[in-house]
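Below: the structure, in structure tokens.
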Amino acid sequence: MSFDIDKTVADMAKTIGAVLTAEWPKIKDCAENVLKDEKDALADIAKARLLGEINDEELKSELEDEQTTLEAALLVCEIKAKAMVQKAINSALNVFVEAINAALKAI
Amino acid sequence: MIREEGRKNYLLSLLLAVFFALSNGACSVKLIADYDATTFEEIIKVSKKVDQFYGHLLETAEGDRKYSKFADQYVEVEIDIRSLVTRNQARPLNIESIKISQSILNLWIKYKQGHQTKDGYSNGTAKLDRARFVRLFNAAAAAEEAKKLDPDDSDVKKDSK
């Protein structure tokens with residue numbers, strides 16, 4: 001039976017690295033889009049106050065709600081990050097299972 | 001870009017997670033709920049209803065926006081949003097979507113109560129609130145979409161495609 005644990009672990013680490021490299025830009029884009037939307041929303045609120053379309057009390061309320069909205073938008077990036085981790089772990093598990101299967105076939 | 005040191009630590013953490021999974025006899029690890037097409041459709045449907053509500057409200061003259069005129073629509077949409085929250089709560093590993101739908105519900109109730117108290121809804125706040133709901137429902141839809149994983153995710157050779 002030929003099962004090289006050192007090589008298998010190295011391959012698993014390489015696999016995880018490959019998944020992270022491929023998936024990380026999606027998380028980065030997600031966070032950047034959220035911040036861009038937030039910037040636009042804050043600009044709209046500021047404009048509404050400056051034009052007198054909302055008063056100080058309404059401004060305070062809108063800013064509170066904006067915090068809730070920003071949190072919700074960032075939760076999407078959190079799911080994407082979890083999906084990336086799930087993919088990385090399962091890819092590494094797959095490498096391990098394949099290494100075991102190959103060793104069993106060699107018996 | 002993940003910094004090199006942080007990246008090594010992250011990689012090590014993931015390897016540890018893999019060994020933890022293996023020691024528990026797991027063949028795969030699940031951290032997020034499966035994609036649910038019905039929930040996605042429901043998000044789009046409720047989002048459209050909320051947008052229609054604001055469209056109708058903004059078409060009504062500002063001085064003629066008595067709460068009673070919109071009460072039925074508030075109740076109807078609130079029921080739909082509650083159904084979305086319940087649907088999300090019924091699915092395991094779904095905490096982020098639960099929080100997003102709960103935030104939508106909380107804001108819907110807040111704006112409903114504001115309308116009721118003032119017996120009016122100004123153009124300024126209505127426009128901002130409408131735009132906010134668009135973003136919140138977009139977040140809810142994107143959260144569901146993010147759970148739609150590639151069936152060949154486990155094949156690392158296809159990761160860089």
Side-chain angles (χ1 to χ4, degrees), chain A residues 9 11-26 28 30 33-34 37-38 40-41 44-45 48-49 51-55 58 61-62 64-66 68-97, chain B residues 1-2 7 10-15 17-19 21-22 26-33 93 95-97 99-104 106-107 110-111 114 122-125 127-129 131-133 135-136 138-150 153-157 159-161:
Chain A
V9 170
D11 286 347
M12 288 165 78
K14 200 173 151 190
T15 302
I16 290 172
V19 173
L20 295 187
T21 304
E23 297 294 314
W24 177 248
K26 291 180 195 169
K28 192 173 164 263
C30 180
N33 287 334
V34 167
D37 286 348
E38 185 59 33
D40 292 345
D44 286 344
I45 293 172
R49 180 65 194 100
L51 290 172
E53 290 174 351
I54 57 170
N55 59 32
E58 288 165 339
S61 175
E62 291 292 336
E64 278 172 13
D65 300 345
E66 207 43 55
T68 305
T69 311
L70 177 61
E71 281 170 17
L74 284 171
L75 285 170
V76 178
C77 306
E78 203 173 309
I79 295 178
K80 288 186 178 179
K82 278 188 180 178
M84 174 181 77
V85 172
Q86 179 176 312
K87 188 173 177 176
I89 292 174
N90 289 335
S91 299
L93 281 171
N94 200 31
V95 168
F96 180 80
V97 170
Chain B
M1 219 35 193
I2 302 173
R7 190 183 162 88
Y10 197 56
L11 211 135
L12 189 66
S13 307
L14 289 182
L15 262 179
V18 171
F19 286 117
L22 284 170
C27 283
S28 67
V29 169
K30 202 163 164 54
L31 302 175
I32 52 172
L93 303 170
I95 188 69
E96 294 84 5
S97 288
K99 283 184 188 170
I100 295 171
S101 53
Q102 190 67 58
S103 293
I104 293 173
N106 292 345
L107 287 181
K110 180 184 171 181
Y111 300 156
S122 74
N123 277 338
T125 48
K127 282 178 195 166
L128 292 172
D129 295 346
R132 180 165 301 113
F133 277 122
R135 282 166 63 214
L136 282 165
N138 280 348
E144 203 52 50
E145 276 283 317
K147 296 167 200 156
K148 202 191 265 181
L149 300 178
D150 217 354
D153 266 352
S154 56
D155 189 346
V156 74
K157 287 173 194 130
D159 286 338
S160 54
K161 71 186 172 191

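Contact of S122(B) with chain A is made through the side chain alone, with heavy-atom distances under 4.5 Å. In this structure, the portions of K30(B) lying under 4.5 Å from any heavy atom of chain A include both its backbone and its side chain. In this structure, chain A has heavy atoms under 4.5 Å from both the backbone and the side chain of A142(B). Looking at E38(A), the atoms closer than 4.5 Å to chain B (heavy atoms on both sides) sit in the backbone and in the side chain alike. Residue I95(B) touches chain A through its side chain alone, counting heavy-atom pairs closer than 4.5 Å.
The shortest heavy-atom contact between A139(B) and A73(A) is CB-CA, 4.1 Å. Here the shortest heavy-atom pairing between V29(B) and N90(A) reads N-OD1, 2.5 Å. Taking all atoms of both residues into account, the shortest heavy-atom contact from I32(B) to A83(A) is CD1-CB, 3.7 Å. Of all non-hydrogen atoms in L93(A) and S28(B), the two that sit nearest each other are CD1-CA, 3.8 Å.
Side-chain contact between V76(A) and I100(B) is present, with at least one heavy-atom pair separated by less than 4.5 Å. Side chains of E71(A) and K99(B) form no contact here, defined as non-hydrogen atoms less than 4.5 Å apart. Contact annotation: the side chain of K147(B) approaches that of I79(A) to within less than 4.5 Å [non-hydrogen atoms, C-beta and beyond]. Proximity of Q86(A) to L149(B): side-chain heavy atoms (C-beta onward) are separated by under 4.5 Å at one or more points.
The line from CD1 of I54(A) to OG1 of T125(B) is 8.0 Å long, rounded to the nearest 0.5 Å. Rounding to the nearest 0.5 angstrom, the gap separating the CG atom in D129(B) from the OG atom in S61(A) is 7.5 Å. We find the CD1-OG1 distance between I104(B) and T68(A) to be 11.5 Å, quoted to the nearest 0.5 Å.
Take K82(A) and apply the side chain to side chain donor-acceptor pair (under 3.5 Å) test, not counting sequence neighbours, and it matches E96(B). In this view, E53(A) satisfies the side chain to side chain donor-acceptor pair (under 3.5 Å) rule with no residue, not counting sequence neighbours.
Without hydrogens or angle criteria, R132(B) side chain to E62(A) main chain gives a donor-acceptor distance under 3.5 Å.
Of the residues considered (K26(A), K80(A), E78(A)), E78(A) shows the highest number of contacts with chain B, using heavy-atom pairs under 4.5 Å. The candidate with the highest count of non-hydrogen atom pairs below 4.5 Å against chain B, out of D65(A), D37(A), N55(A), L74(A), is D65(A).
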